[in-house]
Structure formats: structure tokens, C-alpha cells
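Report on the structure given below.
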Amino acid sequence: GRVEDIERVKVSERKIFEKFEDLRGFGRISFGGKEMEFRTYRFSSAHIMGLRELSYEENLRVFGKCARRESHGHNYKLIVFSDREETFKEAERVVGELDHRLLNEVIENPTLENIALYINNRVDAEAIKIYETPRTYVLITNLREIAVCL
């Protein structure tokens with residue numbers, strides 16, 4: 001996927017969206033003078049890392065054990081920021097499509113960045129933040145810039 005440097009996202013935006021470790025799974029924030037809600041969704045999916053144009057051995061060298069033929073899974077946490085109820089309905093539909101799926105059937109090369117882009121293209125949100133692990137996430141703001149934290 002296309003990954004932009006984390007510094008390209010405005011520092012003020014990054015600080016606002018990165019501080020959310022929401023305990024309830026929903027809430028309201030004020031951002032840039034605009035009130036919006038955030039809601040948290042969780043889904044579990046599996047994937048096999050690799051590029052079609054590479055051999056199995058080459059994919060193992062590039063992606064390590066994540067490229068093994070046996071899929072491995074993650075419990076994803078998606079936070080959606082919006083002021084529109086329809087956005088949250090869109091998010092529920094997308095999460096329903098991805099939950100308990102082999103992501104390779106839906107997303108080519110399902111890296112976290114590509115999963116975030118897939119969701120972002122289907123959910124009209126001010127921002128989304130998706131976690132693959134507690135410390136690995138992608139943030140896409142309404143500016144459609146991407147930040148990755150590993």
C-alpha cells in the first residue's frame with residue numbers, strides 16, 4: 001500500500017486522534033471547531049502476507065513467518081470519527097464483511113495499510129484509526145493522509 005511519512009499529518013491532528021484509548025467504545029470530541037462522534041468496532045480476520053509476483057520463498061524472505069501458507073489472524077480495533085450517522089452504518093457493514101474472513105479474498109496484499117485504505121474507501125469518515133496490535137496502527141484523516149505507527 002501507499003504509506004506516507006507520519007510527519008506529513010499535521011501535528012495537532014495527530015495528537016488529537018492518537019490520544020483515544022476509548023474505554024466505552026464511543027464518545028464525542030471537538031476537532032477544529034467541529035463536534036464529532038467516534039465509535040469503536042472490533043473484528044477478527046486472518047491473512048497471508050505476500051505479493052503474487054514473488055515466489056513463496058521470496059515472500060518468506062520479505063514478509064517472514066507472516067507469508068506462510070497457513071493464514072494467521074488478528075483482532076482488529078477500528079475507531080471511526082464522524083458527525084454523520086450514515087458513516088457509522090457504513091462502518092458496521094464493512095466490519096461485517098471483514099469479520100472472520102481471510103482478508104486475501106477481499107483485499108490484495110492485506111497489509112494493515114491496505115486494510116485501512118480498503119475501509120477508508122468504503123466509509124465516509126472524518127478519520128479512521130485501525131489497530132492490528134496495541135502498538136501497531138494506521139490513522140487516516142479527512143485529509144486522506146496516512147500515518148503508520150509500528
Side-chain angles (χ1 to χ4, degrees), residues 1-53 59 62-64 66-67 70-150:
R2 181 179 65 91
V3 180
E4 299 293 333
D5 186 70
I6 195 167
E7 294 307 316
R8 295 218 32 219
V9 176
K10 292 179 187 175
V11 173
S12 60
E13 283 186 17
R14 195 170 69 235
K15 287 180 181 176
I16 288 171
F17 290 112
E18 287 182 356
K19 72 178 182 178
F20 285 94
E21 288 305 321
D22 50 295
L23 301 175
R24 297 170 308 197
F26 62 92
R28 294 192 66 77
I29 66 166
S30 179
F31 174 65
K34 183 177 184 179
E35 285 284 321
M36 72 179 96
E37 291 183 40
F38 66 91
R39 295 186 192 170
T40 302
Y41 304 87
R42 297 177 189 280
F43 63 98
S44 300
S45 298
H47 62 166
I48 302 167
M49 301 303 297
L51 300 172
R52 289 184 185 151
E53 58 269 15
N59 275 316
V62 173
F63 295 102
C66 296
E70 308 81 30
S71 64
H72 69 283
H74 297 278
N75 295 316
Y76 294 93
K77 177 176 149 183
L78 171 67
I79 306 173
V80 176
F81 299 85
S82 181
D83 60 352
R84 297 176 45 246
E85 187 62 33
E86 181 59 33
T87 298
F88 299 117
K89 291 178 184 174
E90 293 168 355
E92 286 178 25
R93 280 192 295 273
V94 171
V95 166
E97 292 169 10
L98 299 179
D99 194 28
H100 291 88
R101 291 281 306 268
L102 177 63
L103 295 177
N104 298 71
E105 296 172 350
V106 183
I107 303 166
E108 187 174 338
N109 192 22
T111 62
L112 185 58
E113 298 87 352
N114 287 342
I115 296 166
L117 288 170
Y118 178 88
I119 293 169
N120 190 62
N121 288 335
R122 286 155 182 76
V123 176
D124 185 21
E126 295 299 316
I128 66 166
K129 185 176 183 182
I130 183 168
Y131 288 86
E132 189 172 72
T133 70
R135 297 187 63 191
T136 305
Y137 66 85
V138 171
L139 167 68
I140 301 180
T141 71
N142 60 351
L143 300 174
R144 301 302 190 234
E145 294 184 33
I146 302 173
V148 179
C149 182
L150 303 173

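Just so we're clear, the structure is a prediction, and the values are computed from it rather than from any experiment. Only this structure's heavy atoms are used, side chains among them; waters, hydrogens and symmetry mates stay out. In this chain, numbering begins with 1 at the start of the sequence shown.
The shortest side-chain heavy-atom distance between F63 and N109 falls under the 4.5 Å cut-off. Side-chain atoms of E90 and D124, non-hydrogen and from C-beta on, do get closer than 4.5 Å to each other. Within the 4.5 Å cutoff, side-chain heavy atoms of L103 are placed close to those of Y76. Looking at heavy atoms from C-beta onward, R101 lies in side-chain contact with V106 at the 4.5 angstrom threshold.
The backbone N or O of L51 sits less than 3.5 Å from a side-chain atom of N59, completing a donor-acceptor pair.
In this structure, I128 CD1 and N120 CG are separated by 4.5 Å, a value rounded to the nearest 0.5 Å. For the atom pair R122 CZ and L117 CG, the distance stands at 10.5 Å (nearest 0.5 Å). Atoms CD1 and CZ, from I79 and R42 in turn, are 8.0 Å apart once rounded to the nearest 0.5 Å. The CG atom of L78 sits 11.0 Å away from the CD1 atom of I115 when rounded to the nearest 0.5 Å. For the atom pair OG (S45) and NE2 (H74), the distance works out to 10.0 Å, reported to the nearest 0.5 Å. Atoms CG and CG, on D99 and N75 in that order, are 9.5 Å from each other to the nearest 0.5 Å.
Geometrically, R39 does not engage Y41 in a cation-pi contact defined by less than 6.0 Å to the ring centre and at most 45° from the axis.
For the pair H47 and L102, the tightest heavy-atom approach, listed with the atom from each and the gap, is CA-CD1, 3.9 Å. Residues R28 and F38 approach most closely at N-CE2, 3.9 Å, considering heavy atoms. Between K129 and L139, the closest heavy-atom pair is CB-CD1, 4.2 Å. Here the shortest heavy-atom pairing between S82 and A125 reads CB-CA, 4.5 Å. Closest non-hydrogen pair, V80 versus A91, comes out as CG2-CB, 3.9 Å. Taking all atoms of both residues into account, the shortest heavy-atom contact from K77 to T40 is CG-CG2, 3.7 Å.
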Y118 vs L98, side chain to side chain contact (heavy atoms under 4.5 Å, CB included): CA-CA, chis, key distance, verdict
CA-CA 10 Å; Y118 178 88; L98 299 179; 3.9 Å; yes
